[in-house]
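Heavy-atom basis, side chains included; hydrogens, waters and symmetry copies ignored.
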Amino acid sequence: MRDRLLFDWKRWETMAKRKLSGSDIVIQSLIDAGVDTIFGYPGGAVLPIYDALFKQNRLKHVLVRQEGGAVHMAEGYARSTGKLGVVLVTSGPGATNAVTGLTDALMDSIPVLCLTGQVPTHLIGNDAFQEADTTGITRPCTKHNYLVRDVKDLGRVMQEAMYVARSGRPGPVVIDLPKDVLINETTFETGKKLPVKHKTYRPQIKGDNSKIREAVELIAKAKRPLFYCGGGVVNSGPRGSKLLTEFVRMTGYPITLTLMGLGAFPATDKKFLGMVGMHGTYESNLAMHDCDVMINIGARFDDRVTGLISEFSPDSKKIHVDIDPSSINKNVAVDVPIIGDCASVLAEMIKVWKEIKPRKDTKAINSWWNQIEKWRKRDCLAYKQSKDIIKPQYALERLQALTKDRDTYITTEVGQHQMWAAQYIKFNQPNRWMTSGGLGTMGYGFPAAIGVQMAHPKATVVDISGEASFQMNIQEMSTAMQYRLPVKVFILNNEYMGMVRQWQELLYGSRYSESYTASLPDFVKLAESYGAVGLRATKPSEVDDVIKEMLNNDQFTIVDVAIDKGENCFPMIPSGAPHNEMLLGPEDEAAKPTSEDGMVLV
């Protein structure tokens, strides 16, 4: 029956124009743009699109169990491939369930197209069944959104929306689709390529040559330089990371990366000082404070990096490269602003560097490296592993050791486990690290891992999770099983909302108000109830065997690792403190209490 309903898409594409329904225009526009996967959940308002999906075999649809999971899957898919992630949800609650994911994608600059159903145009504003003001609701949490009222505009809007989502600083775009627009027909030109330029939205790709030259000359004269790079490098594509690596090695200068920038420069390179920020390394934060020239490429000076703004890197000249003009001078005033794509600007910087053949102050640079090595000797990520209790750091070090030679992608949920993962898992390539940085969305990691696995079916995909975060989108276990996805969930289980408990210990006199989870599922039995594999480690001697068993099977697997319940994540910059005042361990907690002013910033 279904075979008789399939369209001959190749024959369709050879026709210059054809009268199509709005639903068919949606499908054909996605195909023309190279989209191959959609994450969605059906409902009344989008049934015409689901009928069009049924009649074709070019687009794969992944049936999620809740619309929020669909957006996170699209994020994981997009972040790991550099492609557009596409979501399809119905009107009303379907659209509102997607809002958290859209906000997450906006803050982390992830290109997502979210197609939402809407009641027929004549019912808009009448409080019809499953009606919501989707464009009004999503305006603050999307890069742009559309309400299509005429099917004649649909083809143009589809192309425009995909262009906006992927161009400049990427982000989520919503197209709200009334049901009558999906049913109505109009003439549509198939096979039409996306426009090279948009009428009004034309992000600046190429940086100002004079500013680039000024920046390179400043870099060349630096005595205590530091590269500070972020997710913008990753978003500029593999070329951006390759050029960054080339330029850093060419200069011989140290580099630090933000949470979203991990993988933009090889973590195993000696020039890498580790992650910067609230839970960054001692050497990276002190180098940022003491540097005299800061080269910010694709980072946004967010509060988790700067600490107390008035004392942030007080003696440095600051260069800031960003494709988003609104990010320049937003949080921190800079000396040399450069608007442009990171890869394009890096290519020009390398060109100018080679052209001027700078003479670096070798003596000063060597002295700077000597100081950095002294900071490194503090070994800020050291921990004491007992024989009886599994430390989370140990579990992640073993995961790193046993996956380093595999084609591995890592996602995380949000909390202590996320920060430990950023500290102990080493990324030498971009697009291998998927985490919720800006919004800090618990429940992100598992559906994101499903999206990554859909994009990379033969890769090892591990969601490093906490037991609390995992339960936020636990329903997507059904999705993983339906599509036979061998996603691995590696739960660091301390029976607490770990980061909340840590803040309560440091800021609220260890009054652990509602941060302990008194009733947890048996994750092994839960996995088995879905037909998946469930494993558990309760002591250090079991960790390696459990990880190996997890990696050596081709099934969806949950690993429940019982870790030290009271372990805190260090180093840590207390909220409201300067970024060079760090807690390196429990012994620092009493000596450096968090200020009352800092409590409001947690």
| said: Around atom CZ of Phe490, are there more than 12 heavy atoms from other residues, nucleotides or ligands closer than 6.0 Å? | reply: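 Yes.
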| field | Name of the residue among Asp108, Ile323, Asn235, Leu84 meeting side chain to side chain contact (heavy atoms under 4.5 Å, CB included) with Pro170 | value |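 So, applying the side chain to side chain contact (heavy atoms under 4.5 Å, CB included) to Pro170 and each of Asp108, Ile323, Asn235, Leu84, only Asn235 qualifies.
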| field | Donor-acceptor pair, side chain of Gln416 and main chain of Glu567, under 3.5 angstrom | value |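 Here the side-chain-to-backbone pair exists.
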| field | Exceeds 12 heavy-atom contacts within 6.0 angstrom, atom NZ of Lys271 | value |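 Count over threshold, so yes.
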| request: Measure centre to centre between the rings of Tyr50 and His61, then say whether the value is under 6.0 Å. | output: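 Ring-ring flag for Tyr50/His61: true, centres closer than 6.0 Å.
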| message | For the NE2 atom of His72 and the CG atom of Asp104, what is their distance to the nearest 0.5 Å? | response |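 Here the interatomic distance stands at 5.5 Å.
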| Which distance, rounded to the nearest 0.5 Å, do you find between the CD1 of Ile547 and the CG of Leu399? |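 Here the rounded value is 5.0 Å.
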| message | For His456, is there any backbone N or O sitting under 3.5 Å from a side-chain donor or acceptor partner on Gln453? | response |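 Such a contact is found between Gln453 side chain and His456 backbone.
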| message | Would you say the ring centers of Phe227 and Phe265 fall short of 6.0 Å from each other? | response |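 Here the rings of Phe265 and Phe227 have centres that are no less than 6.0 Å from each other.
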| Donor-acceptor under 3.5 Å (Glu413 side chain, Ile464 main chain) |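 Absent.
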| Within 45° of the axis and under 6.0 Å from the centre of the six-membered ring of Phe427, does NZ or CZ of Arg432 qualify? |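 Checked: cation-pi criterion not met.
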| Which heavy atom in Cys114 sits nearest to a heavy atom in Leu102, and how many Å separate them? |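 Heavy-atom minimum between the residues: CB-CD2, 3.9 Å.
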| said: Distance check, rounded to the nearest 0.5 Å: Leu402 atom CG versus Glu397 atom CD? | reply: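 Between atom CG of Leu402 and atom CD of Glu397 there are 11.5 Å.
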| Other residues, nucleotides, ligands: >12 heavy atoms within 6.0 Å of Arg406 CZ |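 Yes, CZ of Arg406 has more than 12 neighbouring heavy atoms, counting only those of other groups under 6.0 Å.
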| request: For the residue pair Leu259 and Met275, establish whether any side-chain heavy-atom pair is separated by less than 4.5 Å. | output: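 Yes, their side chains come closer than 4.5 Å.
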| Side-chain heavy-atom pair Lys83, Asp36 within 4.5 angstrom cut-off |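 In contact.
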| said: Quick check on salt bridge (charged side-chain N to carboxylate O under 4.0 Å, His left out): which of Lys539, Lys384, Lys391 does Asp564 satisfy it with? | reply: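 Answer after filtering Lys539, Lys384, Lys391: Lys391.
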| message | Is it the case that over 12 heavy atoms from other parts of the model lie below 6.0 angstrom from the NZ atom of Lys426? | response |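 Counting other residues, nucleotides and ligands, NZ of Lys426 exceeds 12 neighbours.
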| message | Looking only at the aromatic ring of each residue, does the gap between the centers of Tyr383 and Tyr394 stay below 6.0 angstrom? | response |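 No, too far apart.
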| message | Pair His417, Thr412 - check side-chain hydrogen bond (donor to acceptor under 3.5 Å, both in side chains), show working. | response | CA-CA 8 Å; His417 64 272; Thr412 76; 5.1 Å; no
| message | Centre-to-centre under 6.0 Å for Phe523 and Tyr530, is that the case here? | response |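 No; Tyr530 has its ring centre 6.0 Å or more from that of Phe523.
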| field | Main-chain N/O of Arg398 paired to Asp544 side chain as donor or acceptor, under 3.5 Å | value |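 No, Asp544 side chain to Arg398 backbone: no donor-acceptor pair under 3.5 Å.
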| Distance-minimising heavy-atom pair for Ser167 and Lys143 |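 Heavy atoms only, the tightest pair is O-NZ, 2.5 Å.
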| Which atom names give the shortest non-hydrogen contact between Cys141 and Pro172, and what distance separates them? |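 Heavy-atom minimum between the residues: O-CG, 3.8 Å.
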| said: When you measure from the side chain of Ser469 to the backbone of Met442, do you find a donor-acceptor pair of N or O atoms at a distance under 3.5 Å? | reply: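 Checked: no pair found.
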